[in-house]
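Letters A, B, ... mirror the listed sequences (proteins, then strands); counts begin at 1. What you see is a predicted model, and the numbers here were worked out from it, not measured in a lab. Side chains included, hydrogens not; waters and symmetry mates left out as well; all remaining heavy atoms used.
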Number of protein chains: 2
Amino acid sequence: MELDSRKKAILYAIIRNYQETGEPVGSRTISKLSELSVSPATIRNEMADLEELGLIIQPHTSAGRIPTDKGYRLYVDELMKDQKLLPASMSDQTAILKRVDRVEELLMQMAKLLAKSTRYATMVTGPTYSGNKLKYLQLSPMGTGKLLAVIVLDGNIIKNNIFDIGEDISDETVLSLNLLLNNNLNGLRLEEINLGIITKIKEEAGAYADIVSKVLDAVASAIGTDEKPKVYTSGARNIFQYPELSGGDTASEIISTLEEKEDLGAALADVHELTDKHDIQVYIGDEVPVDSMKDCSVVTATYELTSGVRGKIGIIGPKRMDYERVVSTIKDTMSQLDTIFKKENGEE
Amino acid sequence: MELDSRKKAILYAIIRNYQETGEPVGSRTISKLSELSVSPATIRNEMADLEELGLIIQPHTSAGRIPTDKGYRLYVDELMKDQKLLPASMSDQTAILKRVDRVEELLMQMAKLLAKSTRYATMVTGPTYSGNKLKYLQLSPMGTGKLLAVIVLDGNIIKNNIFDIGEDISDETVLSLNLLLNNNLNGLRLEEINLGIITKIKEEAGAYADIVSKVLDAVASAIGTDEKPKVYTSGARNIFQYPELSGGDTASEIISTLEEKEDLGAALADVHELTDKHDIQVYIGDEVPVDSMKDCSVVTATYELTSGVRGKIGIIGPKRMDYERVVSTIKDTMSQLDTIFKKENGEE
DNA sequence: TGTTAGCACTCTGATAATTTGAGTGCTAAC
DNA sequence: GTTAGCACTCAAATTATCAGAGTGCTAACA
């Protein structure tokens with residue numbers, strides 16, 4: 001059986017209507033709603049075909065139809081239109097990303113903003129700094145037998161670590177270590193700090209090889225704290241708007257997953273090749289890589305702050321979410337982010 | 001009418017029973033349950049009195065009684081017994097605080113632990129650093145016209161700030177500024193850095209007074225980011241266990257408040273005088289200073305990491321929460337925290 | 001005077017019966 | 001291929017019924 005254009009139109013109409021109402025939609029509704037002027041009976045015939053194709057089902061005899069996961073998939077892949085959103089600056093919700101100093105705050109703000117404008121739950125993972133360059137490394141003596149290492153990465157991301165070195169060293173030694181380390185490491189990407197370089201530095205450090213070793217450990221662990229990237233979430237309460245999610249354990253499970261955050265980070269992190277511009281991906285129902293969200297759909301995208309500093313955002317809603325609006329909202333937010341960030345960088 | 005000891009016993013029994021079941025409790029139940037051996041009829045007479053005193057009510061005729069807010073208040077103030085909890089190390093839930101490096105992680109862990117062992121929702125505010133001393137201040141040139149300030153407080157709390165100074169300065173100047181600032185500021189509490197000291201430093205800085213001024217601004221703003229202290233929450237899902245909270249909008253409101261966190265921080269922050277050891281306070285129903293939680297009870301306590309570094313924790317549950325268990329769990333956790341922290345400090 | 005048994009009364013919550021209405025599939029006519 | 005008509009189905013809403021828990025009151029009792 002072929003999917004002719006009328007069947008597509010009907011499927012489209014069913015999905016759009018179900019998105020709004022959350023109720024199974026019947027043949028009469030479609031007949032009145034859609035611009036193709038055919039009788040309910042005709043629609044019924046077509047719907048029977050669509051059901052046979054596995055694109056829609058009846059929750060029970062004598063109910064209207066609702067889309068299946070497969071139906072949504074087809075919708076997302078082929079039927080969905082590129083919706084043009086009003087520029088955020090002109091829309092009534094004034095959902096505009098403000099420039100803030102700290103990346104952390106910006107991401108939190110982004111999560112909130114997306115939650116507000118999509119009216120779904122959102123998550124934003126903190127950026128991974130892979131590919132980032134070491135800009136500056138500063139050691140300072142900190143009391144007895146301790147050193148403070150301040151590590152500055154490209155893009156002015158700052159990390160600290162205080163660690164034991166087990167012995168007191170003089171200020172001059174610290175100074176020369178600083179010099180040594182900066183000379184050898186500055187400008188390198190973190191992956192580039194390999195054994196060869198480490199050995200070389202140790203040789204030059206002579207008697208202080210041990211300390212160098214500890215410093216490098218400290219650097220690794222300071223960076224390493226971002227191995228499990230932070231996840232910011234917002235709009236959890238929006239889950240309650242959708243009866244299909246708020247009933248039973250589902251809501252509880254979802255809220256809990258959003259709260260724990262670890263699972264989210266892991267699930268979002270797994271794929272990281274950039275296909276197109278923002279790498280927008282749609283996961284429907286069972287496709288969602290988080291167990292507790294198998295009743296949801298999740299739309300993810302990749303953002304980029306500065307070159308190589310990337311993270312993921314995700315919008316979590318019911319399967320009948322308004323994919324078109326979500327996608328265009330994401331795009332809009334991304335372009336705001338681009339503007340802000342290019343500008344912010346440009347100013348430096 | 002007086003509250004004789006039998007009435008108290010009955011009230012106690014009603015509250016304890018209602019805590020377990022969540023169902024209105026009738027005279028028969030009390031008669032069987034409580035050790036005072038009187039007939040249901042007698043209990044009924046007493047219950048009528050308790051109702052007249054406003055300590056319990058009937059949800060409707062021919063239902064059992066449930067405690068009123070006033071009833072709970074009396075319970076908490078007078079009836080509640082000090083429950084001795086098994087030491088956490090011996091209990092089955094192995095809810096033991098582990099020592100971790102970063103304060104942030106420790107607090108998050110504490111929120112989770114409390115949520116797990118009380119089975120209610122929890123919140124933990126980040127510490128306020130008032131009273132903390134400046135241990136070390138480090139300026140480093142950072143590209144053109146920028147300085148990196150690293151601020152270390154007592155207890156090895158580290159803050160960063162990168163800021164513009166509008167002009168290039170030589171490494172030597174930075175070095176001497178470092179010296180100047182450290183000589184004048186180290187060991188001071190943050191409130192002690194007043195105009196007098198600032199003026200003095202500026203005078204000594206001579207031509208670099210402007211820069212000093214900017215550095216101090218940077219210090220202030222780095223510290224200032226904690227004016228709205230961070231709030232960590234956990235166990236939101238526990239709300240769903242209690243029908244009186246999970247129905248209607250209540251759950252949604254609570255979850256949303258927990259997620260937003262700002263309101264929580266504000267509400268917890270308002271009182272900060274330490275009355276007794278941990279300053280445990282119980283807010284029942286309308287007493288709770290957060291609107292969305294008027295149907296809940298909240299138990300708060302103050303923790304102290306190092307001297308003067310204090311924050312609050314809060315346990316959020318239904319009004320019929322097990323106050324005794326919550327209080328003893330808090331005490332237990334606090335003493336764990338003390339142990340860890342004294343030790344951690346001792347090691348330094 | 002406090003306690004208790006007995007009893008009529010009340011109200012909720014569960015279960016069952018009934019009704020309504022939306023929606024379908026099928027058939028036959030166009 | 002399309003449509004009107006119609007019998008049929010099923011969920012959801014409405015109503016009826018019933019059992020049970022719990023009460024308040026009264027009168028008897030210690």
Whole-Å gap separating [atom2] ([N]) and [atom1] ([X]):
{"X": "A:N17", "N": "C:dG23", "atom1": "CG", "atom2": "P", "result": "10 Å"}
{"X": "B:I30", "N": "D:dG22", "atom1": "CD1", "atom2": "P", "result": "10 Å"}
{"X": "A:I57", "N": "C:dG23", "atom1": "CD1", "atom2": "C1'", "result": "16 Å"}
{"X": "B:M47", "N": "C:dT3", "atom1": "CE", "atom2": "C1'", "result": "16 Å"}
{"X": "B:E23", "N": "D:dG20", "atom1": "CD", "atom2": "C1'", "result": "14 Å"}
{"X": "A:I56", "N": "C:dG25", "atom1": "CD1", "atom2": "P", "result": "9 Å"}
{"X": "A:L50", "N": "C:dG23", "atom1": "CG", "atom2": "P", "result": "17 Å"}
{"X": "B:R6", "N": "C:dG2", "atom1": "CZ", "atom2": "C1'", "result": "8 Å"}

Does CZ in B:R73 sit with more than 12 non-hydrogen atoms of other residues, nucleotides or ligands closer than 6.0 Å?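 Counting neighbours around CZ of B:R73, more than 12 heavy atoms of other residues, nucleotides or ligands fall under 6.0 Å, so yes.
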
Using the side-chain heavy atoms of [X], tell me which of these nucleotides is nearest: [options].
{"X": "B:S39", "options": "C:dA22, D:dT3, C:dA5", "answer": "C:dA5"}
{"X": "A:A41", "options": "D:dT3, C:dT24, C:dC11", "answer": "D:dT3"}
{"X": "B:T29", "options": "C:dG25, D:dT23, D:dG22", "answer": "D:dG22"}
{"X": "A:R65", "options": "C:dT4, C:dT3, C:dG25", "answer": "C:dG25"}
{"X": "A:Q58", "options": "D:dT23, C:dG25, C:dC11", "answer": "C:dG25"}
{"X": "B:S62", "options": "D:dG22, C:dT24, C:dT3", "answer": "D:dG22"}
{"X": "A:R44", "options": "D:dT9, D:dA21, C:dC26", "answer": "C:dC26"}

Check against side chain to side chain contact (heavy atoms under 4.5 Å, CB included), A:L11 and A:L79: CA-CA 9 Å; A:L11 178 60; A:L79 268 39; 3.9 Å; yes

What is the pairing partner of [N], taking Watson-Crick or G-U wobble pairs with both distances under 3.5 Å in any strand?
{"N": "D:dC18", "answer": "C:dG13"}
{"N": "C:dC30", "answer": "D:dG1"}
{"N": "C:dT4", "answer": "D:dA27"}

Aromatic plane relationship, A:Y323 with A:Y75 - under 30° parallel, 30 to 60° tilted, over 60° perpendicular: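 The arrangement is tilted - the two ring planes meet at 30° to 60°.
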
Could you tell me whether A:T42 contacts a base, only the sugar-phosphate backbone, or nothing, with contacts defined as non-hydrogen atoms closer than 4.0 Å?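 Touches a base.
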
Any Lys/Arg nitrogen of A:K112 or B:E262 sitting under 4.0 Å from an Asp/Glu carboxylate oxygen of the other?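 Yes, charged N to carboxylate O under 4.0 Å.
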
Using a 4.5 Å cut-off on heavy atoms from C-beta on, say whether the side chain of A:M123 contacts that of A:I313.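 Not in contact.
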
Residue closer to the 5' end of DNA chain C, A:N45 versus A:P24 (nearest nucleotide):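 Looking at DNA chain C, the more 5' nearest nucleotide goes with A:P24.
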
Between B:Y242 and B:Y120, does the ring pair (Phe, Tyr, Trp, His ring centres under 6.0 Å) criterion hold? Intermediate values first, please. CA-CA 10 Å; B:Y242 305 94; B:Y120 299 116; 5.8 Å; yes

Answer yes or no: does a side-chain N or O of A:S27 lie under 4.0 Å from OP1 or OP2 of C:dT24?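 For C:dT24, OP1/OP2 do have a side-chain N/O of A:S27 under 4.0 Å.
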
